[in-house]
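One structure below.
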Number of protein chains: 2
Amino acid sequence: MRIREATLVDFDQIWPIFHEIVAAGETYTYARDTTREQAITLWMETPRKTFVAENNGQILGTYYIKTNQSGGGAHVCNCGYMVSSSARGLGLATTMCEHSQQVAEAFGYQAMQFNFVVSSNESAIRLWTKLGFETVGRLPKAFLHPGKGYVDALVMYKWLSQRSQENS
Amino acid sequence: MRIREATLVDFDQIWPIFHEIVAAGETYTYARDTTREQAITLWMETPRKTFVAENNGQILGTYYIKTNQSGGGAHVCNCGYMVSSSARGLGLATTMCEHSQQVAEAFGYQAMQFNFVVSSNESAIRLWTKLGFETVGRLPKAFLHPGKGYVDALVMYKWLSQRSQENS
């Protein structure tokens with residue numbers, strides 16, 4: 001398994017992963033009927049960089065990294081991760097999240113923020129917590145879950161560079 | 001003083017207000033060197049709707065409203081407000097915020113979220129709190145203030161419709 005930068009050619013394999021997750025409407029705040037064209041804009045073009053995790057040419061996961069806010073907030077990045085349903089439970093999200101933190105530091109970001117972690121997505125919350133992300137916010141009933149109705153969303157945050165933290 | 005929908009013609013009067021606030025770099029996460037063209041995109045075109053507060057043809061304040069997240073998050077809106085330095089202390093922010101809540105309810109939004117209130121902006125925090133916004137998150141050192149260095153940013157949130165709250 002290796003993680004490398006995505007190219008537009010990869011989108012043929014990214015789209016089924018994206019579509020399955022987004023159409024389910026349980027974890028991401030993209031419209032459930034997001035089209036392939038819109039997905040290319042959202043996942044490949046808007047972010048600063050997009051990566052894929054592949055095994056023998058098969059793409060099993062993907063993530064993006066982007067600057068979360070401009071101006072005085074531009075030292076904080078944001079990432080989103082997706083794992084193919086065929087590759088769940090293999091630690092791919094952990095691997096991608098650790099990779100993304102290295103990329104973030106290489107880009108000069110000092111912190112990473114997840115703006116909207118749906119509170120019913122317990123496995124994600126457990127994972128990000130284990131990887132050092134702190135729950136710094138809870139948005140009451142900010143997500144309309146297709147099965148559960150209104151649920152809270154969490155804001156999770158991690159300061160990346162210990163050295164920067166000590167000096168600032 | 002009246003609040004009305006902004007048109008592109010109004011931008012001649014909006015720009016000095018926007019530019020003064022953004023160039024100061026103390027409250028908004030727009031780049032401090034945001035150009036007039038970029039400001040038109042950010043303030044007039046990207047939002048769902050933009051309003052101005054005017055008195056005898058003079059624009060003293062402006063705000064935008066937009067959907068904060070798509071998909072399952074689309075029932076929450078986001079607003080940003082700017083008051084001319086010549087019109088501070090007249091209650092304009094209060095008037096615009098109350099107006100925006102009415103607009104939000106008319107659009108069918110159920111909640112309003114401020115994603116990034118710089119913690120050193122004490123007058124804003126005091127005002128939003130007074131207007132019923134709850135501090136639901138605190139992003140550690142998420143803002144690089146030009147004078148104070150890294151400061152926290154707050155996430156503030158208000159559920160708009162009591163009836164919706166009781167029924168959900």
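By convention in this document, chain letters (A, B, ...) are assigned in the order of the sequence lines, proteins followed by strands, and residues within each chain are numbered from 1.
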Query - A:Arg48 charged N/C atom sitting above A:Tyr64 aromatic ring, 6.0 Å / 45° - result: no
Report task. Would you mind checking if A:Lys158 and A:Glu134 are paired as a salt bridge, meaning a charged N to carboxylate O distance below 4.0 Å? Result -> no
Query raised in the report: Would the number of heavy atoms belonging to other residues, nucleotides or ligands and lying under 6.0 Å from NZ of A:Lys66 be above 12?
Result: yes
Query raised in the report: Looking at residues at least two apart in the chain, or sitting in another chain, which of them share a side chain to side chain contact (heavy atoms under 4.5 Å, CB included) with A:Glu45?
Result: A:Ile40, A:Thr41
What part of [X] gets closer than 4.5 Å to chain A, counting heavy atoms only: side chain, backbone, both or neither?
{"X": "B:Ala142", "answer": "both"}
{"X": "B:Gln113", "answer": "side chain"}
{"X": "B:Tyr157", "answer": "side chain"}

**Report entry** Proximal component of A:Pro146, with respect to chain B [non-hydrogen, under 4.5 Å]
**Finding:** neither
Query raised in the report: Just by distance, with hydrogens left out, do A:Tyr28 and A:Thr34 show a side-chain donor and acceptor under 3.5 Å apart?
Result: no
Report task. Go through the side-chain N and O atoms of A:Thr62 and A:Trp43 and say whether any donor and acceptor fall under 3.5 Å apart. Result -> yes
Query - For chain B, which residues of residues 6-24 of chain A have heavy atoms nearer than 4.5 angstrom - result: none
Requested in this report: With sequence neighbours excluded, tell me which residues meet ring-ring contact (aromatic ring centres under 6.0 Å, His included) with A:Tyr63.
Outcome: A:Phe51, A:Tyr81, A:His99
Query raised in the report: Excluding sequence neighbours, so at least two apart, what forms ring-ring contact (aromatic ring centres under 6.0 Å, His included) with B:Phe133?
Result: B:Phe114
Query - Residue among A:Gly72, A:Gly71, A:Gly149 with most heavy-atom pairs under 4.5 Å to chain B - result: A:Gly72
Query raised in the report: Quick one: of A:Arg138, A:His75, A:Arg32, who has the most non-hydrogen atom pairs under 4.5 Å with chain B?
Result: A:His75
Query raised in the report: Tell me, do A:Ile3 and A:Val52 make a side-chain contact under 4.5 Å, heavy atoms counted?
Result: no
